[in-house]
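Structure, as structure tokens:
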Amino acid sequence: MTGAALSHAGVATGRAVIAHHSRSFALASRLLPRAIRDRAVIVYAWCRRADDAVDAPGVDAGAAIARLGREVSQIYAGERSGDPVLDGFAAIVREAGIPRCYPAELVAGMAMDATGQRYATERELRRYCFRVAGVVGLMMSHLMCLADPGALAAAARLGIAMQLTNICRDVREDWERGRLYIPSALLESAGGRWLVSHAGGPLPAEARRALAWAIARLLERAGDDYRAADRGMPSLPPSCRPAVGAARRIYAAIGDEIARAGCDVLAPRAVVPGRRKLALAVLAAGEAAWSAVRTGRGPRRDPRELPELRFEDLA
């Protein structure tokens, strides 16, 4: 994608934010063409800004959510703020035709965190994952000029798969912060319904078995979503496939590490070593090259012509 030049400050801030918060995404982003990479890191930085606004210690979450809502309104009204990330994101929104509902949904997901919402069913959890991660995939689809509107669902499901992986990896950390994302229906099936009202403080050892069973089920759902996302890969420009493929493989590998540890919430935090990440990135680049040979470049589409995709549109 080409368009108006982004400010050096905005791009530099975006690069610093992604390098600090996600080595996996930072590695994958390096595989993008520069113009798209510069825009991707600013979108990531804005999303991270929203997350941090709610999670900062001692923050008034309600006020933070209201402020984020006002920022979205200012962005879509074309008002300049002087903040390099906000102004950069606003420029990208106009250039790529990102629907307002996507950042608005992300703010709604932050509000779910702020209120400490618990999830009764897997569908409720998936709605949360769509809001905080699925819409990020949809925004990135606009940056990358996704060729087939039908592949938008694949982009959203990749984001959902990654968020489910995050949830499975961070159960103990979230518990200690008083949060529990595992649906109560899964916990009840595993004999752990009592856990729903007990989050906070050290995670009790007697919770391990029920949580392990529930985590294994969520990893299975994430696997379904990763495979669904693969079907949308040919709709991306060949130059973007290595980066998306690398991110997909690295995050799926985190899930593999969780499973290898028996989905034990008291095991060390699952990580993918740097060498393994590089190997997965090389593998993704090879797959992308072969895919380009088989499918060609595909049609180019003006991203402003892409339709909006809602959670209810997903299978």
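Note that these values count all heavy atoms, side chains included, but never hydrogens, waters or copies made by symmetry. Computed from a predicted structure; not experimentally measured.
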Distance-only donor-acceptor hits, side chain of residues 180-197, under 3.5 Å, sequence neighbours excluded:
residue	atom	partner	partner atom	Å
Y181	OH	D113	OD1	2.5
S184	OG	A120	O	3.3
S189	OG	A185	O	3.1

Exercise for review: Answer whether the closest heavy-atom distance between the side chains of V17 and V41 falls below 4.5 Å.
Suggested key: no
**Study point:** Close side-chain approach of D55 and M110, heavy atoms under 4.5 Å
**Key:** no
Practice item. Could you note down all residue pairs passing ring-ring contact (aromatic ring centres under 6.0 Å, His included) where residues 243-263 supplies at least one of them, sequence neighbours left out? Key: F25-Y251
Review point. Salt bridge or not for D225 and R157, using N-O below 4.0 Å?
Key: yes
Review point. Is the cationic atom of R177 (NZ for Lys, CZ for Arg) positioned less than 6.0 Å from the six-membered ring centroid of W175 and within 45 degrees of its normal?
Key: no
Check your understanding: If we only count heavy atoms from C-beta on, is the I98 to L138 side-chain gap below 4.5 Å?
Key -> no
Point to revise | Co-membership, hydrophobic cluster, residues V107 and I92, 4.5 Å side-chain | key: yes
**Study point:** Test ring pair (Phe, Tyr, Trp, His ring centres under 6.0 Å) applied to H21 - qualifying residues, sequence neighbours left out
**Key:** none
Review point. Would you call W46 and V93 a side-chain contact if the rule is heavy atoms closer than 4.5 Å?
Key: no
Point to revise | pair W213-C263: side-chain heavy atoms closer than 4.5 Å | key: no
Donor-acceptor pairs under 3.5 angstrom involving side-chain atoms of residues 266-278: please list them, not counting sequence neighbours.
residue	atom	partner	partner atom	Å
R269	NE	D170	OD1	3.4
R269	NH2	D170	OD1	3.1
K277	NZ	S24	OG	3.3

Exercise for review: Would you check if the side chain of T115 reaches a backbone N or O of A111 as a donor-acceptor pair within less than 3.5 Å?
Suggested key: yes
Revision key, fill the gap. By ring pair (Phe, Tyr, Trp, His ring centres under 6.0 Å), Y226 pairs with (sequence neighbours left out) none
Check your understanding: By ring pair (Phe, Tyr, Trp, His ring centres under 6.0 Å), which residues pair with Y102, not counting sequence neighbours?
Key -> none
Check your understanding: Is there a side-chain contact between L203 and L211 (heavy atoms, below 4.5 Å)?
Key -> yes
